[in-house]
Amino acid sequence: MQYRRMGSLDWQVSALGFGCMRLPARRRMLVKSVDPRESIAAIRLGIDRGINYLDTAYLYHLGRSEEIVGDALRGGYRERVKLVTKFPLILARKTEDFETYLHRQLRRLKTDHLDAYLLHGLNRGLYEKARRLGYVEKLERAREAGTIRHVGFSFHDTFPVLREIIDSHPWDIVMVQYNYMDTGIQATTEGLAYAHGKGMAVVVMEPLKGGMLANPPRRALAIMEEASVKRTPVDWALQFLWNGPEVSVVLSGMSTRDQVSQNCDSAERSGVGSLCPEDLEIIEKLAATFRERIIVGCTGCGYCLPCPEGVDIPDCFAILNNAALAAQGNFGQRFYTHFMRRRYKKKARCHRELAGRPDGGSAELCVACGACLPKCPQGINIPEELKKVHAVLAKGERVDKYMERAPR
Ligand code: SF4
Ligand code: SF4
């Protein structure tokens, strides 16, 4: 494992961190849920391979993530890692909620302190709420008491907002969405440099853009094959992040032990400045190819759920993007789009069909109530984009029509 500086903190952090929002899952009676035994095995494998940074949150896996992480860290594993979780700002209503959530999280995690506690998912509105309800002062008091050792925030907004938040408080850590497709949105490359320049540790989330960069279209695969150094799609995406000095740790939400092993192998090959100009050119081409093909910039985080009407929003967008990514203008396109339409047809089209359907609700169930809109960190106009899902996957419109209109 390679280790890197954690901003101004006196930690050496593993280049790869374990993100605990996509833990291994199992299916029982048609219902998919997190698999505790396999999750514990995957987390411990990561630690045995040198990972020393674990990231979870109150909201991940509806609270199960923290419980499972707590179990995984028994038997001496807790002492080997920096443990980080997040305050669920979106659920909190009053000032005293801070202690209620923090102590519940410590109990779930079976620890007496956190190495860092982050305000979860800050944007301008949520930061105003955090200040209004006194949560920033609460963080500092918990730090003085030793319950939490360092403070920070995870972030989903634009660079100007990031700069304002950074300048308003002596934070230690910022967690940002960043990957080779997102260099100009969310925190942006400029934002990473700004945080780094202020001595903050930069933690990267969504390095594969919700798994999208792990499943490239055929044109992107051809670009990778042209390169003199052979890498997997995941390795290309991860090495891009480790190449820059601004990044301290890259979080990967690993769902199998194989993924843990492969990502640890990648981290062992990583280093600042390890990519040559030819590699960087390849990555530019890959980003351009993906941007041409993606219709909805959904990362699959699931924050928009549950939809009161039962729409499985992230899966609807994943199916549409998969159809677009596979579109090659030949027999392959027709076959894959057909396959995606079949998958979509398994989703419920009315409330009566929802009960007991593992495939969730289709875009047709959306009544445009807008309840999901403020929850989406990507700012996606969900009801509008769901219309495209329905048009392509149910009405048979050509997916290319929407690719031309996709934002770049
Ligand atoms: S706008 Fe549509 S998808 Fe969003 S919460 Fe309302 S019904 Fe669900
Ligand atoms: S629509 Fe937004 S909130 Fe919902 S899964 Fe996608 S990125 Fe996350």
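Hydrogens, waters and symmetry mates are skipped; everything else that's a heavy atom, side chains included, is used. Order of appearance sets the numbers: ligands from 1, and atoms from 1 within every ligand. Numbers here are sequence positions counted from 1.
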Would you mind listing which atoms of ligand 1 come within a distance below 4.0 Å of any non-hydrogen atom of [X]?
X	result
Gly370	1 (S), 6 (Fe)
Pro308	5 (S)
Glu309	7 (S)
Leu386	3 (S)

inquiry  = I'd like the name of whichever of Ala363, Pro383, Cys369, Gly361 reaches closest to atom 5 (S) of ligand 1 through any heavy atom.
reply    =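 That would be Cys369.
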Can you tell whether the side chains of [X] and [Y] come within less than 4.0 Å, N to carboxylate O?
X	Y	answer
Arg257	Glu38	yes
Glu67	Arg64	yes
Glu137	Arg132	no
Arg78	Asp115	yes
Glu128	Arg131	no
Asp172	Arg149	no

inquiry  = Ignoring waters, how many N, O or S atoms from the protein are under 2.8 Å from atom 6 (Fe) of ligand 2?
reply    = 1
message = Looking at every heavy atom in both Ile295 and Asn321, which two are closest together, and how far apart are they?
response =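 Distance-wise, the nearest heavy atoms are N-OD1, 3.0 Å.
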message = Checking Asp167 now: which residues fulfil side chain to side chain contact (heavy atoms under 4.5 Å, CB included) with it, not counting sequence neighbours?
response =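 Partners of Asp167 by the side chain to side chain contact (heavy atoms under 4.5 Å, CB included) criterion, ordered by chain and then number, come out as Arg163, Tyr194, Lys198.
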query = So which heavy atom in the protein is nearest atom 2 (Fe) of ligand 1, and how far is it from that ligand atom?
reply =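 For atom 2 (Fe) of ligand 1, the nearest protein heavy atom is Cys366 SG, 2.4 Å.
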Taking atom 4 (Fe) of ligand 1 as the reference point, the nearest protein heavy atom with its distance = Cys372 SG, 2.3 Å
Contacts of type salt bridge (charged side-chain N to carboxylate O under 4.0 Å, His left out), residue Arg141, not counting sequence neighbours =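 Once residues adjacent in sequence are excluded, Arg141 has no partner under the salt bridge (charged side-chain N to carboxylate O under 4.0 Å, His left out) criterion.
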message = With respect to atom 8 (Fe) of ligand 1, please indicate if Cys307 possesses an N, O or S atom at a distance under 2.8 Å.
response =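 Short answer: yes, at least one N, O or S atom is under the cut-off.
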Pairwise ring-ring contact (aromatic ring centres under 6.0 Å, His included) hits with a residue in residues 273-317, at least two apart = His120-Tyr303
inquiry  = As an exercise, identify every atom of ligand 2 less than 4.0 angstrom from a heavy atom of Pro377.
reply    = 3 (S)
